[in-house]
Amino acid sequence: CVVMNIGVVMLFDVTLTKTNFTRTGTAPVPAHVSGGADLGGGPEIDIPAGGAAVFEASYALTQEDLDAGSVSNQATGSASDPQGNPVEDLSGGTPDDDEVTETTLPSEPGALVTKTADTSGLSTPVAVGDEVVFTITIENTGNVTLAPTGIVDTPTDFDGGAMTAVMGVIAGDLDGDGLLDVDETWSVTATVELTQEAIDAGGVSNTATVSGETPDGTPITAVSDGDGPGTDGDGDGDFGNDPTEAALPATPALEVAKTADVTGLSSPPQVGDVLSFTITATNTGNVTLTPTGITESATDLDGGALAVS
(Lines give C-alpha, C1' and ligand atoms only; values in the text may rest on other atoms or scores of the structure.)
Protein backbone atom coordinates (compact mmCIF):
# COMPACT_ATOMS: atom_id res chain seq x y z
CA CYS A 1 0.00 0.00 0.00
CA VAL A 2 1.40 3.40 -0.96
CA VAL A 3 0.65 6.48 1.16
CA MET A 4 1.10 9.63 -0.96
CA ASN A 5 1.26 13.20 0.30
CA ILE A 6 -0.65 15.07 -2.42
CA GLY A 7 -0.79 18.30 -0.39
CA VAL A 8 1.65 21.18 -0.10
CA VAL A 9 2.76 20.74 3.53
CA MET A 10 4.63 18.10 5.48
CA LEU A 11 2.66 15.20 6.96
CA PHE A 12 3.90 13.99 10.32
CA ASP A 13 3.53 10.68 12.15
CA VAL A 14 2.05 8.72 9.22
CA THR A 15 0.47 5.39 10.16
CA LEU A 16 -1.52 2.83 8.23
CA THR A 17 -4.15 0.52 9.74
CA LYS A 18 -6.46 -2.10 8.27
CA THR A 19 -10.02 -0.88 8.79
CA ASN A 20 -12.08 -2.83 6.26
CA PHE A 21 -10.74 -6.31 5.84
CA THR A 22 -13.19 -9.17 5.19
CA ARG A 23 -11.46 -12.44 5.89
CA THR A 24 -11.52 -15.37 8.30
CA GLY A 25 -7.88 -15.31 9.35
CA THR A 26 -5.91 -12.86 11.43
CA ALA A 27 -5.73 -9.35 9.97
CA PRO A 28 -2.17 -8.33 9.08
CA VAL A 29 -0.40 -5.32 10.54
CA PRO A 30 1.06 -3.02 7.84
CA ALA A 31 4.80 -2.41 8.15
CA HIS A 32 6.76 0.46 6.66
CA VAL A 33 9.00 -0.68 3.81
CA SER A 34 10.37 2.41 2.12
CA GLY A 35 9.86 6.13 1.51
CA GLY A 36 9.38 8.97 3.97
CA ALA A 37 11.69 9.68 6.87
CA ASP A 38 11.70 10.47 10.56
CA LEU A 39 11.79 14.23 10.29
CA GLY A 40 9.82 15.20 13.36
CA GLY A 41 11.71 13.29 15.99
CA GLY A 42 8.95 10.76 16.72
CA PRO A 43 8.86 7.04 16.02
CA GLU A 44 6.49 7.34 13.04
CA ILE A 45 7.34 8.16 9.44
CA ASP A 46 6.94 11.70 8.10
CA ILE A 47 6.25 12.41 4.41
CA PRO A 48 7.13 15.72 2.71
CA ALA A 49 4.79 17.32 0.19
CA GLY A 50 4.77 15.31 -3.02
CA GLY A 51 6.45 12.34 -1.30
CA ALA A 52 5.24 8.81 -0.66
CA ALA A 53 5.86 5.90 1.67
CA VAL A 54 5.31 2.20 1.01
CA PHE A 55 3.76 -0.10 3.57
CA GLU A 56 3.43 -3.86 3.25
CA ALA A 57 1.11 -6.37 4.90
CA SER A 58 1.12 -10.12 4.34
CA TYR A 59 -1.90 -12.30 4.97
CA ALA A 60 -2.10 -16.11 4.95
CA LEU A 61 -5.24 -17.26 3.14
CA THR A 62 -7.56 -19.68 4.91
CA GLN A 63 -9.69 -22.39 3.34
CA GLU A 64 -12.75 -20.32 4.14
CA ASP A 65 -11.26 -17.45 2.12
CA LEU A 66 -10.73 -19.73 -0.87
CA ASP A 67 -14.27 -21.07 -0.56
CA ALA A 68 -15.61 -17.51 -0.43
CA GLY A 69 -13.72 -16.69 -3.62
CA SER A 70 -12.36 -13.31 -2.62
CA VAL A 71 -10.84 -11.12 0.09
CA SER A 72 -11.78 -7.46 0.61
CA ASN A 73 -9.13 -5.08 1.84
CA GLN A 74 -9.07 -1.42 2.79
CA ALA A 75 -6.67 0.61 4.92
CA THR A 76 -6.83 4.00 6.60
CA GLY A 77 -3.86 6.33 6.38
CA SER A 78 -3.54 8.74 9.32
CA ALA A 79 -1.18 11.72 9.85
CA SER A 80 -0.97 15.26 11.25
CA ASP A 81 -0.29 18.52 9.41
CA PRO A 82 2.27 21.05 10.78
CA GLN A 83 -0.43 22.59 13.01
CA GLY A 84 -1.29 19.20 14.52
CA ASN A 85 -4.57 18.82 12.70
CA PRO A 86 -5.45 15.22 11.84
CA VAL A 87 -5.41 14.12 8.21
CA GLU A 88 -6.98 10.81 7.13
CA ASP A 89 -7.86 9.01 3.93
CA LEU A 90 -9.18 5.59 2.97
CA SER A 91 -7.26 3.51 0.46
CA GLY A 92 -8.61 2.97 -3.04
CA GLY A 93 -7.58 1.94 -6.49
CA THR A 94 -6.56 5.53 -7.34
CA PRO A 95 -5.81 8.64 -5.23
CA ASP A 96 -9.27 9.95 -6.12
CA ASP A 97 -11.42 7.07 -4.85
CA ASP A 98 -12.01 5.27 -1.60
CA GLU A 99 -13.15 1.97 -3.06
CA VAL A 100 -12.47 -1.24 -1.19
CA THR A 101 -9.84 -3.39 -2.91
CA GLU A 102 -11.37 -6.74 -3.86
CA THR A 103 -8.95 -9.60 -4.54
CA THR A 104 -10.49 -12.50 -6.45
CA LEU A 105 -9.29 -15.98 -5.51
CA PRO A 106 -9.70 -18.32 -8.50
CA SER A 107 -11.64 -21.50 -7.78
CA GLU A 108 -10.02 -24.64 -9.17
CA PRO A 109 -12.24 -27.55 -8.12
CA GLY A 110 -11.04 -31.09 -8.69
CA ALA A 111 -11.87 -34.63 -7.63
CA LEU A 112 -10.06 -37.91 -8.25
CA VAL A 113 -12.21 -41.03 -8.11
CA THR A 114 -10.59 -44.46 -8.15
CA LYS A 115 -12.09 -47.91 -7.75
CA THR A 116 -10.63 -51.30 -6.85
CA ALA A 117 -12.17 -54.77 -6.85
CA ASP A 118 -11.77 -57.31 -4.03
CA THR A 119 -12.34 -60.88 -5.21
CA SER A 120 -10.80 -62.58 -2.19
CA GLY A 121 -14.21 -63.79 -1.00
CA LEU A 122 -15.04 -65.75 -4.16
CA SER A 123 -15.51 -69.51 -4.08
CA THR A 124 -13.31 -71.93 -5.99
CA PRO A 125 -14.71 -72.32 -8.54
CA VAL A 126 -16.69 -69.08 -8.63
CA ALA A 127 -20.38 -69.65 -7.86
CA VAL A 128 -23.69 -67.84 -8.15
CA GLY A 129 -24.27 -65.76 -5.01
CA ASP A 130 -20.57 -65.00 -4.46
CA GLU A 131 -19.82 -61.32 -3.94
CA VAL A 132 -17.30 -58.94 -5.49
CA VAL A 133 -16.63 -55.92 -3.25
CA PHE A 134 -15.67 -52.73 -5.08
CA THR A 135 -14.13 -49.86 -3.09
CA ILE A 136 -14.69 -46.33 -4.41
CA THR A 137 -12.18 -43.71 -3.24
CA ILE A 138 -12.94 -40.00 -3.68
CA GLU A 139 -10.20 -37.41 -3.13
CA ASN A 140 -10.63 -33.65 -3.25
CA THR A 141 -7.67 -32.58 -5.39
CA GLY A 142 -8.80 -28.98 -5.95
CA ASN A 143 -8.52 -25.83 -3.84
CA VAL A 144 -12.13 -25.46 -2.68
CA THR A 145 -14.44 -27.50 -0.48
CA LEU A 146 -16.91 -29.76 -2.31
CA ALA A 147 -20.44 -30.71 -1.33
CA PRO A 148 -21.10 -34.21 -2.72
CA THR A 149 -24.57 -34.60 -4.23
CA GLY A 150 -24.52 -38.22 -5.34
CA ILE A 151 -22.64 -41.42 -6.16
CA VAL A 152 -23.99 -43.50 -9.03
CA ASP A 153 -22.54 -46.99 -9.34
CA THR A 154 -23.20 -48.91 -12.58
CA PRO A 155 -21.95 -52.51 -12.54
CA THR A 156 -22.44 -54.72 -15.60
CA ASP A 157 -21.27 -58.16 -16.61
CA PHE A 158 -18.70 -58.45 -19.39
CA ASP A 159 -21.54 -58.83 -21.92
CA GLY A 160 -23.08 -55.52 -20.82
CA GLY A 161 -25.88 -57.00 -18.76
CA ALA A 162 -27.02 -54.74 -15.92
CA MET A 163 -26.23 -55.78 -12.34
CA THR A 164 -27.07 -54.36 -8.93
CA ALA A 165 -24.68 -52.90 -6.35
CA VAL A 166 -25.41 -52.51 -2.65
CA MET A 167 -23.73 -49.35 -1.37
CA GLY A 168 -21.99 -49.24 2.01
CA VAL A 169 -21.54 -46.36 4.43
CA ILE A 170 -19.21 -43.51 3.46
CA ALA A 171 -16.02 -43.32 5.53
CA GLY A 172 -13.40 -40.58 5.76
CA ASP A 173 -15.45 -37.49 6.65
CA LEU A 174 -13.06 -36.64 9.47
CA ASP A 175 -14.89 -33.57 10.77
CA GLY A 176 -18.36 -34.97 10.14
CA ASP A 177 -19.57 -31.90 8.26
CA GLY A 178 -20.78 -33.76 5.18
CA LEU A 179 -18.34 -31.83 2.99
CA LEU A 180 -15.37 -33.19 1.07
CA ASP A 181 -12.62 -30.89 2.32
CA VAL A 182 -9.49 -30.11 0.34
CA ASP A 183 -7.06 -33.07 0.55
CA GLU A 184 -9.73 -35.14 2.35
CA THR A 185 -10.38 -38.64 1.00
CA TRP A 186 -13.63 -40.55 1.33
CA SER A 187 -14.28 -44.21 0.60
CA VAL A 188 -17.39 -46.34 0.17
CA THR A 189 -17.97 -49.93 -0.88
CA ALA A 190 -20.27 -51.26 -3.59
CA THR A 191 -21.03 -54.97 -3.23
CA VAL A 192 -22.16 -56.91 -6.31
CA GLU A 193 -23.70 -60.39 -5.99
CA LEU A 194 -22.78 -62.68 -8.87
CA THR A 195 -25.38 -64.06 -11.24
CA GLN A 196 -25.03 -66.99 -13.62
CA GLU A 197 -25.06 -64.49 -16.48
CA ALA A 198 -22.04 -62.70 -15.00
CA ILE A 199 -20.10 -65.94 -14.59
CA ASP A 200 -20.97 -66.96 -18.16
CA ALA A 201 -19.83 -63.54 -19.39
CA GLY A 202 -16.49 -63.98 -17.63
CA GLY A 203 -16.51 -61.03 -15.25
CA VAL A 204 -17.97 -57.84 -13.81
CA SER A 205 -17.19 -54.30 -15.00
CA ASN A 206 -17.95 -51.35 -12.74
CA THR A 207 -17.86 -47.57 -13.07
CA ALA A 208 -18.84 -44.96 -10.47
CA THR A 209 -19.82 -41.37 -11.19
CA VAL A 210 -19.49 -38.88 -8.34
CA SER A 211 -21.21 -35.51 -8.49
CA GLY A 212 -20.95 -32.48 -6.24
CA GLU A 213 -20.99 -28.71 -6.03
CA THR A 214 -18.41 -26.02 -5.31
CA PRO A 215 -19.14 -23.35 -2.66
CA ASP A 216 -20.63 -21.07 -5.34
CA GLY A 217 -22.96 -23.82 -6.60
CA THR A 218 -20.98 -24.83 -9.69
CA PRO A 219 -21.57 -28.54 -10.42
CA ILE A 220 -18.62 -30.91 -10.70
CA THR A 221 -18.60 -34.52 -11.91
CA ALA A 222 -15.84 -37.13 -11.77
CA VAL A 223 -15.81 -40.68 -13.16
CA SER A 224 -13.90 -43.50 -11.49
CA ASP A 225 -10.75 -45.01 -12.98
CA GLY A 226 -9.73 -48.59 -12.39
CA ASP A 227 -6.37 -49.03 -14.10
CA GLY A 228 -4.24 -46.02 -13.18
CA PRO A 229 -3.63 -42.67 -14.89
CA GLY A 230 -1.21 -44.07 -17.46
CA THR A 231 -3.56 -46.64 -18.98
CA ASP A 232 -6.52 -46.21 -21.33
CA GLY A 233 -8.22 -49.53 -20.75
CA ASP A 234 -11.37 -48.79 -22.73
CA GLY A 235 -9.55 -47.08 -25.60
CA ASP A 236 -11.65 -43.91 -25.56
CA GLY A 237 -8.66 -41.55 -25.38
CA ASP A 238 -9.38 -40.66 -21.74
CA PHE A 239 -6.82 -42.13 -19.34
CA GLY A 240 -8.86 -41.30 -16.24
CA ASN A 241 -12.24 -42.99 -16.66
CA ASP A 242 -11.62 -46.68 -17.31
CA PRO A 243 -13.94 -49.26 -15.72
CA THR A 244 -12.77 -51.44 -12.86
CA GLU A 245 -12.97 -55.08 -13.90
CA ALA A 246 -13.17 -58.31 -11.91
CA ALA A 247 -12.54 -61.39 -14.05
CA LEU A 248 -14.43 -64.56 -13.11
CA PRO A 249 -12.57 -67.74 -14.12
CA ALA A 250 -14.63 -70.27 -16.06
CA THR A 251 -14.41 -73.86 -14.82
CA PRO A 252 -16.36 -75.96 -17.32
CA ALA A 253 -17.04 -79.60 -16.35
CA LEU A 254 -19.41 -82.31 -17.55
CA GLU A 255 -20.26 -85.71 -16.07
CA VAL A 256 -22.06 -88.37 -18.15
CA ALA A 257 -23.66 -91.48 -16.64
CA LYS A 258 -25.50 -94.36 -18.35
CA THR A 259 -27.83 -97.01 -16.94
CA ALA A 260 -29.41 -100.03 -18.63
CA ASP A 261 -33.10 -101.05 -18.29
CA VAL A 262 -33.56 -104.82 -18.69
CA THR A 263 -37.14 -104.96 -17.46
CA GLY A 264 -38.45 -105.19 -21.03
CA LEU A 265 -36.46 -108.30 -21.96
CA SER A 266 -38.07 -111.72 -22.41
CA SER A 267 -37.17 -114.56 -20.09
CA PRO A 268 -35.00 -115.93 -21.43
CA PRO A 269 -33.96 -112.95 -23.68
CA GLN A 270 -34.79 -113.41 -27.35
CA VAL A 271 -33.61 -111.93 -30.59
CA GLY A 272 -35.55 -108.75 -31.19
CA ASP A 273 -35.90 -107.79 -27.54
CA VAL A 274 -35.08 -104.13 -26.90
CA LEU A 275 -32.55 -103.08 -24.28
CA SER A 276 -33.00 -99.46 -23.17
CA PHE A 277 -30.12 -97.26 -21.93
CA THR A 278 -30.61 -93.94 -20.14
CA ILE A 279 -27.87 -91.33 -20.61
CA THR A 280 -27.65 -88.60 -17.94
CA ALA A 281 -25.45 -85.54 -18.58
CA THR A 282 -24.76 -83.27 -15.57
CA ASN A 283 -23.12 -79.84 -15.79
CA THR A 284 -20.76 -79.94 -12.80
CA GLY A 285 -18.86 -76.76 -13.75
CA ASN A 286 -19.69 -73.10 -13.12
CA VAL A 287 -20.63 -71.96 -16.63
CA THR A 288 -23.56 -72.73 -18.89
CA LEU A 289 -22.83 -75.33 -21.59
CA THR A 290 -24.30 -75.54 -25.07
CA PRO A 291 -24.73 -79.22 -26.16
CA THR A 292 -23.23 -79.90 -29.59
CA GLY A 293 -24.11 -83.59 -29.96
CA ILE A 294 -24.39 -87.07 -28.47
CA THR A 295 -22.46 -89.95 -30.06
CA GLU A 296 -23.69 -93.41 -29.07
CA SER A 297 -22.01 -96.71 -29.91
CA ALA A 298 -22.99 -100.24 -28.81
CA THR A 299 -21.30 -103.63 -29.21
CA ASP A 300 -21.92 -107.13 -27.96
CA LEU A 301 -19.47 -108.68 -25.56
CA ASP A 302 -17.56 -110.12 -28.49
CA GLY A 303 -17.10 -106.63 -29.96
CA GLY A 304 -19.71 -106.90 -32.66
CA ALA A 305 -21.49 -103.71 -33.54
CA LEU A 306 -25.14 -103.31 -32.55
CA ALA A 307 -27.75 -100.96 -33.97
CA VAL A 308 -28.73 -98.01 -31.78
CA SER A 309 -31.81 -95.86 -32.24
Side-chain angles (χ1 to χ4, degrees), residues 1-112 139-147 174-175 177-184 212-220:
C1 186
V2 179
V3 179
M4 294 180 289
N5 184 348
I6 58 175
V8 295
V9 297
M10 175 78 71
L11 291 179
F12 296 95
D13 301 334
V14 177
T15 60
L16 189 70
T17 57
K18 294 292 183 181
T19 52
N20 189 353
F21 189 63
T22 61
R23 75 288 180 264
T24 57
T26 302
V29 177
H32 175 251
V33 176
S34 63
D38 180 10
L39 303 176
E44 285 82 12
I45 295 299
D46 307 318
I47 304 176
V54 177
F55 290 78
E56 184 178 84
S58 297
Y59 172 69
L61 294 174
T62 67
Q63 186 59 55
E64 289 79 5
D65 295 331
L66 292 170
D67 290 344
S70 65
V71 172
S72 297
N73 181 15
Q74 191 170 45
T76 299
S78 302
S80 298
D81 67 13
Q83 286 73 44
N85 299 311
V87 179
E88 286 190 348
D89 186 51
L90 291 172
S91 65
T94 69
D96 298 325
D97 74 61
D98 293 334
E99 298 295 328
V100 174
T101 300
E102 185 89 10
T103 302
T104 300
L105 306 175
S107 174
E108 297 182 4
L112 175 64
E139 180 184 359
N140 185 342
T141 57
N143 71 338
V144 292
T145 302
L146 300 177
L174 301 180
D175 53 9
D177 62 355
L179 300 174
L180 184 60
D181 301 322
V182 174
D183 293 330
E184 193 172 61
E213 291 183 350
T214 64
D216 65 2
T218 301
I220 179 174

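These values consider heavy atoms only, across backbone and side chains, with no hydrogens, waters or symmetry-generated copies. Bear in mind the structure is a predicted one, so any value in this text is a computation, not a measurement.
- Under the rule for a side-chain contact (heavy atoms from CB on, under 4.5 Å), Ala68 has no partner lying at least two apart in sequence or in another chain.
- Checked against side-chain hydrogen bond (donor to acceptor under 3.5 Å, both in side chains), Asp67 has the following partners two or more places apart in sequence or in another chain: Gln63, Thr145.
- To the nearest 0.5 Å, the span separating NE2 on His32 from SG on Cys1 amounts to 12.0 Å.
- Within the model, atoms OG of Ser91 and CG of Asp98 stand 8.0 Å from one another, a figure rounded to the nearest 0.5 Å.
- Between atom OG1 of residue Thr76 and atom CG of residue Asp89 there is a gap of 8.5 Å, rounded to the nearest 0.5 Å.
- Residue Asn5 comes nearest to Ile47 through the heavy atom pair ND2-O, 2.9 Å, listed as atom of the first residue, atom of the second, then distance.
- Under the 4.5 Å side-chain criterion, counting only non-hydrogen atoms from C-beta, Val71 is in contact with Leu105.
- Between Ala53 and Gly36, the closest heavy-atom pair is CB-N, 4.3 Å.
- Take Thr15 and apply the side-chain hydrogen bond (donor to acceptor under 3.5 Å, both in side chains) test, not counting sequence neighbours, and it matches no residue.
- With sequence neighbours excluded, the residues forming a side-chain contact (heavy atoms from CB on, under 4.5 Å) with Asp175 are Asp173, Asp177, Asp181, Glu184, listed by chain and number.
- Nearest heavy atom pair, residue Leu146 against residue Pro109, reads CD2-CB, 4.2 Å.
- Every residue meeting the side-chain hydrogen bond (donor to acceptor under 3.5 Å, both in side chains) condition with Asp216, not counting sequence neighbours, appears here in chain and number order: Thr214, Thr218.
- Applying the side-chain hydrogen bond (donor to acceptor under 3.5 Å, both in side chains) criterion to Asp97, with sequence neighbours excluded, gives Thr94.
- Taking CZ from Phe12 and CD1 from Ile45, the interatomic distance works out to 12.5 Å, rounded to the nearest 0.5 Å.
- A pairwise comparison of heavy atoms in Asp81 and Val87 identifies N-CG2, 4.2 Å as the closest pair.
- Screening residues 56-97 for ring-ring contact (aromatic ring centres under 6.0 Å, His included) gives Phe21-Tyr59 as the qualifying pairs, with residues at least two apart or on separate chains.
- Asn143 places a side-chain N or O within 3.5 Å of a backbone atom of Glu108 that can act as its donor or acceptor partner.
- Contact check for Asp46 versus Val14: no side-chain heavy atoms found under the 4.5 Å cut-off.
- Listed here is the closest heavy atom pair of Val9 and Pro82: CG2-CD, 3.7 Å.
- Closest approach of Thr141 to Ala111, counting heavy atoms only: OG1-N, 3.4 Å.
- Qualifying side-chain contact (heavy atoms from CB on, under 4.5 Å) partners for Glu102, counting only residues two or more places apart in sequence or in other chains: Ser70, Ser72.
- Atom-to-atom distance recorded for Asp65:CG and Thr103:OG1 is 10.5 Å, nearest 0.5 angstrom.
- By the side-chain contact (heavy atoms from CB on, under 4.5 Å) test, Ile6 is found to be paired with Met4, residues two or more places apart in sequence or in another chain being considered.
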